[in-house]
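Each chain gets a letter, A, B and so on, in the order the sequences are listed, and its residues count up from 1.
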There are 2 protein chains.
Amino acid sequence: MSDSSWPTEWLRGTLTLAVLRILADGETYGYAISHRLEAAGFGSIKGGTLYPLLARLENAGLVEVTWRAGEGGPGRKCFTLSPAGCEEYSRQRAQWLAFAEHTTDFLKDPS
Amino acid sequence: MSDSSWPTEWLRGTLTLAVLRILADGETYGYAISHRLEAAGFGSIKGGTLYPLLARLENAGLVEVTWRAGEGGPGRKCFTLSPAGCEEYSRQRAQWLAFAEHTTDFLKDPS
DNA sequence: CATGGCTAGATCGTATGACAATCTAGTCAG
DNA sequence: CTGACTAGATTGTCATACGATCTAGCCATG
């Protein structure tokens, strides 16, 4: 439990969903997202991973972007879930819960 | 149920574990593994995915390989879990169960 | 006997995407 | 002025999943 870094291959798939999950809590920005991911046990996600991912979300119309002047720091690019993003999040969330259950069963069942 | 295979990004991470799971039932060969994966709801895994994966397992010393003459067909390359493979499987299995629980909690908890 | 279909394994080229390293730029403390 | 921290972004590299394709053995049909 202590170190709790999951294999990166597992995180890769979940990362988009995890980001959607965080965005579902309300507007945030990249830097904060990376900290929340780390706090949530997803390890430290690097800029080279996170920013392209956010760009993909933006590109897919799942998030809306606003620039805000930073308080005590540089400007922030803030992200909110678009309606399509909310929908996509619910869909993926439900699907992941089903997937987790499915794989759990698969691993537990004898043959 | 049947048609909707999971997003490939999710399968990617789980695929190795799923193969280990199947190998844990005893000796099999590639072609049969791909059928069992499909039957288990992992979609149809192509040769270009499965054989390199099996080669990686072999390379890592997690499986042992035997050639057997095919009954009514070409020869088969049969795989068994090595002791190290058994250990690795238990480890990954436990870790995945924990991971599934962790992500489930993460998705369910409000903020 | 020739053809096509099934089993079985393997390889190649392409595309995706995660990561480390690096860069710019703003603020603040010393 | 310098260094630390926040914040976003880019670049190059590496791993790997996939589709397509190939070889090869066996069988049934025509």
Side-chain angles (χ1 to χ4, degrees), chain A residues 5-20 22-23 27-39 42-60 62-80 92 99, chain B residues 5-20 22-23 27-39 42-60 62-80:
Chain A
S5 264
W6 312 101
T8 51
E9 318 98 64
W10 297 355
L11 298 175
R12 286 179 200 192
T14 330
L15 196 53
T16 303
L17 180 54
V19 169
L20 289 177
I22 288 170
L23 286 169
E27 189 179 83
T28 4
Y29 53 99
Y31 200 71
I33 291 174
S34 81
H35 285 315
R36 287 208 43 194
L37 284 171
E38 191 157 15
F42 284 89
S44 99
I45 307 300
K46 309 300 176 179
T49 301
L50 186 60
Y51 291 111
L53 189 156
L54 288 169
R56 283 198 294 280
L57 290 181
E58 182 184 352
N59 216 43
L62 301 182
V63 294
E64 277 151 19
V65 181
T66 335
W67 273 97
R68 301 208 187 286
E71 326 144 359
R76 291 167 177 176
K77 196 175 182 181
C78 289
F79 300 89
T80 346
Q92 281 201 29
F99 182 69
Chain B
S5 300
W6 314 99
T8 51
E9 318 97 66
W10 296 356
L11 298 175
R12 285 179 203 196
T14 329
L15 196 53
T16 303
L17 179 54
V19 169
L20 290 176
I22 288 170
L23 286 169
E27 189 180 84
T28 5
Y29 53 99
Y31 200 71
I33 292 175
S34 81
H35 286 315
R36 287 208 43 194
L37 284 171
E38 190 157 16
F42 284 90
S44 101
I45 305 301
K46 310 298 176 182
T49 301
L50 186 61
Y51 291 110
L53 189 155
L54 288 168
R56 284 196 295 278
L57 290 180
E58 182 184 354
N59 216 44
L62 301 181
V63 294
E64 276 150 19
V65 182
T66 335
W67 273 97
R68 299 206 188 288
E71 325 144 1
R76 293 167 177 176
K77 196 176 182 181
C78 290
F79 301 88
T80 347

Provide, to the nearest angstrom, the distance between the [atom1] atom belonging to [X] and the [atom2] atom belonging to [N].
X: A/Glu58; N: D/dG8; atom1: CD; atom2: C1'; result: 13 Å
X: B/Ile33; N: C/dA8; atom1: CD1; atom2: C1'; result: 12 Å
X: A/Trp10; N: D/dA17; atom1: CH2; atom2: C1'; result: 19 Å
X: A/Phe42; N: C/dC19; atom1: CZ; atom2: P; result: 13 Å
X: A/Leu53; N: C/dC19; atom1: CG; atom2: P; result: 10 Å
X: B/Arg12; N: D/dC18; atom1: CZ; atom2: C1'; result: 8 Å
X: A/Leu57; N: C/dG17; atom1: CG; atom2: C1'; result: 13 Å
X: B/Ile45; N: D/dT16; atom1: CD1; atom2: C1'; result: 13 Å

What pairs of nitrogen or oxygen atoms, one from the protein and one from nucleotides 3-7 of chain C, lie under 3.5 Å apart?
| residue | atom | partner | partner atom | Å |
| --- | --- | --- | --- | --- |
| C/dT7 | OP2 | B/Tyr31 | OH | 3.2 |

With a cut-off of 3.5 Å and sequence neighbours excluded, list every side-chain donor-acceptor pair involving residues 49-57 of chain A.
none

Excluding sequence neighbours, so at least two apart, what forms salt bridge (Lys or Arg N to Asp or Glu O under 4.0 Å) with [X]?
X: B/Glu27; value: B/Arg68
X: B/Glu38; value: none
X: B/Glu64; value: none

Inset, instruction - Could you pick out which residue, A/Gly30 or A/Glu9, lies toward the 5' side of DNA chain D when each is mapped onto its nearest nucleotide? - result: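 Result of the comparison: A/Gly30.
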
Inset, instruction - Write down the atom of A/Lys77, the atom of A/Tyr29, and the distance for their closest heavy-atom approach. - result: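 Of all heavy-atom pairs spanning A/Lys77 and A/Tyr29, the closest is O-CB, 3.3 Å.
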
Inset, instruction - Look at A/Arg56 and C/dA18 and indicate whether a side-chain polar atom (N or O) is within less than 4.0 Å of OP1 or OP2. - result: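 It does, given that an N or O in the side chain of A/Arg56 lies less than 4.0 Å from OP1 or OP2 of C/dA18.
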
Legend entry - Point-to-point distance, once rounded to the nearest 0.5 Å, from CD1 of A/Ile22 to CD1 of A/Ile33: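 That separation rounds to 6.5 Å.
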
Inset, instruction - Output the distance between atom CG (A/Leu23) and atom CZ (A/Arg36), rounded to the nearest 0.5 Å. - result: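 One gets 9.0 Å once the value is rounded to the nearest 0.5 Å.
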
Anything under 3.5 Å between a protein N or O and an N or O of nucleotides 9-13 of chain D, put it in a table, one pair a line.
| residue | atom | partner | partner atom | Å |
| --- | --- | --- | --- | --- |
| D/dA9 | OP1 | A/Lys77 | NZ | 2.9 |
| D/dT10 | O4 | A/Gly48 | N | 3.4 |

Contacts table for residues 9-19 of chain B: side-chain donor-acceptor under 3.5 angstrom, sequence neighbours left out:
| residue | atom | partner | partner atom | Å |
| --- | --- | --- | --- | --- |
| B/Trp10 | NE1 | A/Gly13 | O | 3.2 |
| B/Thr14 | OG1 | B/Trp10 | O | 2.8 |

Inset, instruction - Report the residues that fulfil side chain to side chain donor-acceptor pair (under 3.5 Å) with B/Tyr31, sequence neighbours left out, ordered by chain and then residue number. - result: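 By the side chain to side chain donor-acceptor pair (under 3.5 Å) rule, B/Tyr31 matches no residue at all.
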
